[in-house]
Structures are given as C-alpha cells and as structure tokens.
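Values below: every heavy atom of this structure, side chains too, minus hydrogens, waters and symmetry copies. Indexing begins at 1, ligand by ligand and atom by atom, following the structure's order. One-based numbering along the sequence shown.
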Amino acid sequence: MAAADGYPLLCLENPLLDIQGVGRLTEPYSDEALLKKYGLKDNDAILAEEKHMGLYEELLQNHDAKLIAGGAAQNTARGAQYILPENSVAYIGCVGRDKYADILKDACEKAGVHTEYRVDDVQPTGKCGVIITGHNRSMVTHLAAANEYKIDHLKQPHVWSLVEKARVYYVGGYHLTVCVPAILALAEEAAAKNKIFMLSLSAPFIPQFFKDQLDSVIPYTDYLLGNETEAISYSESHGWGTTDIVEIAKKLATLPKKNASRPRVAIITQGTLPTVTAVAKENGEIEVKEFKVREIPKDRINDTNGAGDAFAGGLTAGIVQGKSLDESIDMGQWLASLSIQELGPSYPFPKQTY
Ligand code: 26A
C-alpha cells in the first residue's frame with residue numbers, strides 16, 4: 001500500500017538484477033580474460049547484444065557471481081531513502097513475473113523504498129552483468145522486462161496520484177532507451193507546477209546514440225548529473241569541440257530551459273578528482289565550483305559499482321530536504337564513499353548517519 005500522502009521523491013528507470021563477478025585473477029577464468037572474450041572495455045556500460053548472452057551464465061558458473069539489487073536509479077532511490085525520513089521515496093519501472101523481481105522488491109522494501117512496478121507477463125526481469133577489475137566496472141545490460149515500461153502504467157490513477165504528490169523527480173538517463181513519453185510526462189508535470197526535475201546522463205552511450213531523446217528532455221531538467229566520460233561524450237555528440245570539464249559544465253548549465261524560475265545546475269563527478277558544478281544564474285552569470293571528494297584508503301574500497309548512483313542518492317536527498325547545493329554535493333560524496341566500501345550498489349547496515 002502506498003502512503004496516503006505520497007512520497008516527496010519519485011524515481012523512474014530500469015529495475016535490474018546485478019550479476020556481479022567477484023574478482024577472479026587466475027587464467028583461464030580471470031576477469032581480464034572475460035572482458036577480452038566478450039570484447040568489453042574495463043569501465044563502461046552497454047546494452048547486451050546477441051554475442052553477450054553467454055556472459056551471465058559464465059559469471060555465475062566461473063566467477064562466483066553474486067545476485068545484487070541494481071538498476072542505476074533504483075540504487076539512487078535506495079540511497080536517498082537511506083538518508084531521508086521514512087516514506088520519502090517511490091520508484092517506478094518494469095519487471096518480469098519471476099523470482100528476480102522478488103529480490104528487487106525485497107531490497108527496496110528493506111530500504112524503505114515504495115515500488116510501483118509494471119509487471120510484464122512475457123519478458124523476464126532485466127539483468128546486468130558486472131565485471132570488476134581493480135577500481136573499474138564493466139556492465140552489460142539485458143533490459144528484457146525493463147524495456148517494456150509503458151506510459152499507460154504511469155497514467156493509471158493510483159500511479160499518477162504518486163506523480164502528483166511528489167515534489168522532486170529523479171529519472172535515470174538509461175530510461176531514455178526505454179520510454180521517453182513517461183519521462184516527458186514527469187518533466188512536464190515538474191515544469192508546469194515548478195517542481196524539481198533531475199536527470200542523469202547515465203553512460204557515454206546515452207549522449208552518443210540517444211542524442212535526440214536526451215535533447216528532448218534537457219530543457220525540462222533542473223539538475224543534470226553525469227561523470228566526466230559522459231560529459232565528454234555529450235560534448236562530442238553535440239560538436240562542442242572541447243573535453244574541458246568546466247567548459248562542458250558551463251555549456252550544459254546554459255542550454256535552453258522551459259521553467260525559467262529555476263536555474264539549471266550541471267554537476268559533473270570525476271572519480272577521485274573534484275566534482276564540478278555550474279549554475280546558470282538569472283543575471284546571465286554562471287557560477288562554477290569544485291568540491292573535493294571524500295577519499296577513502298584504497299584497501300577499504302570494495303568495488304565502485306554504484307558509486308555514481310550513491311552520489312546521486314545523497315545529492316537528491318539533500319535537494320529533497322531543501323539543503324544548499326554545497327551541502328547536497330557533500331551528502332552525495334558521503335554516500336558514495338560508504339557505497340564503494342560495500343559489495344555492489346549497496347549501503348552499510350546498521351545505518352550510518354550523515
Ligand atoms: C539501459 N542500461 C544499460 C541500464 C543499466 C543500468 N541501469 C539501468 N539501465 N546498465 C547498468 N545499470 C546499473 O548501473 C548500476 C551501477 O551504476 C546496474 O544495474 C548497476 O547497479
């Protein structure tokens with residue numbers, strides 16, 4: 001049952017189960033060998049093609065893979081709820097009618113996130129193969145049911161009432177490959193009622209191959225998040241001719257915007273390098289800031305799968321609470337530093353407080 005007053009934060013994207021290998025060094029089953037076999041980069045996120053379909057079984061058979069709740073914005077939703085008071089976050093996406101979906105639902109329930117899944121009767125729940133080498137992660141996603149999200153689901157009265165009651169929307173850019181009408185419905189609701197709309201770039205392939213879909217949503221976006229490789233991919237696909245992160249952040253902040261009563265905020269993370277923010281002020285000025293990350297000793301890092309999602313979760317929690325941008329960024333960096341010490345996109349239990 002949904003909370004009567006709804007949830008201040010509503011997230012939308014692709015619910016996925018992560019099948020994450022745990023560090024195999026010995027040949028012929030090393031993680032490096034696995035990357036090579038499937039032609040994968042060591043730090044990337046892609047959609048699975050036919051040739052990748054054997055990867056999941058191989059991870060389970062030869063790489064002691066663990067099943068962990070994933071899906072970028074679902075991780076962000078759990079992260080935001082980790083900080084916020086009870087009943088603050090709802091999450092929407094499409095799963096299959098299977099036990100993988102139960103694992104995802106359970107993980108959200110435990111984290112206190114309300115799920116409003118569309119359940120597809122044909123496709124299985126989506127999965128993401130994750131190969132960890134050092135501090136890199138390579139992800140291969142078979143969307144399956146996650147690809148079957150439909151605007152009709154969002155427009156059902158009990159779901160739309162959650163949309164109406166929310167004050168902040170967070171959409172994972174990965175959903176641009178799935179259901180742009182649903183994203184635009186949230187975006188337009190936000191612009192019409194001066195609510196907050198947040199979007200992540202998610203992966204370099206989104207600006208590269210889903211440029212038009214992305215461009216249709218950016219005008220509604222109050223907070224645009226990405227990492228350095230995604231920012232550079234955006235710059236490349238738009239012919240900006242620069243790889244300078246500050247330059248790109250400034251240009252993203254000043255792209256045309258529908259709701260002029262909120263400034264655009266562009267936020268670019270860069271691994272252990274400082275996070276860059278650019279805010280397009282009403283007077284035409286662009287305020288640029290840099291924020292050092294909370295570095296933790298290398299031997300305490302478990303894996304970086306989900307670090308960006310955790311950052312987004314902490315940041316979004318700050319924004320929902322009406323904190324300043326500076327404090328919200330620090331909350332994001334705090335949650336990211338906790339998440340990379342856990343296996344996969346998870347948060348420590350018992351709960352730590354910011
Ligand atoms: C459409 N794609 C490729 C994806 C994803 C994705 N979440 C949604 N859509 N590819 C990888 N992920 C998730 O990213 C998290 C780490 O940031 C993985 O499930 C993983 O939990």
Atom 10 (N) of ligand 1 sits nearest the protein heavy atom T141 OG1, 2.7 Å

For atom 7 (N) of ligand 1, the protein heavy atom that lies nearest, with its residue and separation:
A72 N, 3.1 Å

Are any of the N/O atoms in G71 less than 3.5 Å from those in ligand 1?
yes

Kindly compute the distance separating CG (D18) from CD1 (I68), expressed to the nearest 0.5 Å.
6.0 Å

So if I count the atoms of ligand 1 from 1 in the order they appear, which ones are less than 4.0 Å from some heavy atom of L47?
1 (C), 3 (C)

If only side-chain N and O atoms count, and only distance matters, is there a donor-acceptor pair under 3.5 Å linking T133 with D31?
no

Nearest-neighbour protein heavy atom for atom 20 (C) of ligand 1, which is reported as residue plus atom name and distance:
D18 OD2, 3.2 Å

So, does G308 sit close enough to ligand 1 that a heavy atom of it is under 4.0 Å from the ligand?
no

Looking only at the side chains, is there a donor atom on one of Q123 and N147 sitting less than 3.5 Å from an acceptor on the other?
no

Closest protein heavy atom to atom 8 (C) of ligand 1, given as residue, atom name and distance to 0.1 Å
Y174 CD1, 3.3 Å

With backbone taken as N, CA, C and O and side chain as the heavy atoms from C-beta onward, which portion of A45 lies under 4.0 Å from ligand 1: side chain, backbone, both, or neither?
neither

Proximity to ligand 1 by part of E13, non-hydrogen separation under 4.0 Å
side chain

Taking L343's backbone N and O only, do any of them form a donor-acceptor pair with D303's side chain (distance below 3.5 Å, no angle check)?
no

Part of N75 with heavy atoms under 4.0 Å of ligand 1, whether side chain, backbone, both or neither
side chain

Quick check on side chain to side chain contact (heavy atoms under 4.5 Å, CB included): which of V119, D120, T115 does V95 satisfy it with?
V119

According to the interplanar angle, ranging from 0 to 90°, do the rings of Y29 and H63 count as parallel (below 30°), tilted (30 to 60°) or perpendicular (above 60°)?
perpendicular

Hey, are the side chains of L186 and Y220 touching, using non-hydrogen atoms and a 4.5 Å cut-off?
no

Side chain, backbone, both or neither: which applies to V178 and ligand 1 if a contact is any heavy-atom pair less than 4.0 Å apart?
neither

Under a 4.0 angstrom heavy-atom cut-off, which atoms of ligand 1 come close to G70?
19 (O), 21 (O)

Side chain to side chain donor-acceptor pair (under 3.5 Å) filter on H238, not counting sequence neighbours, yields D215, Y234

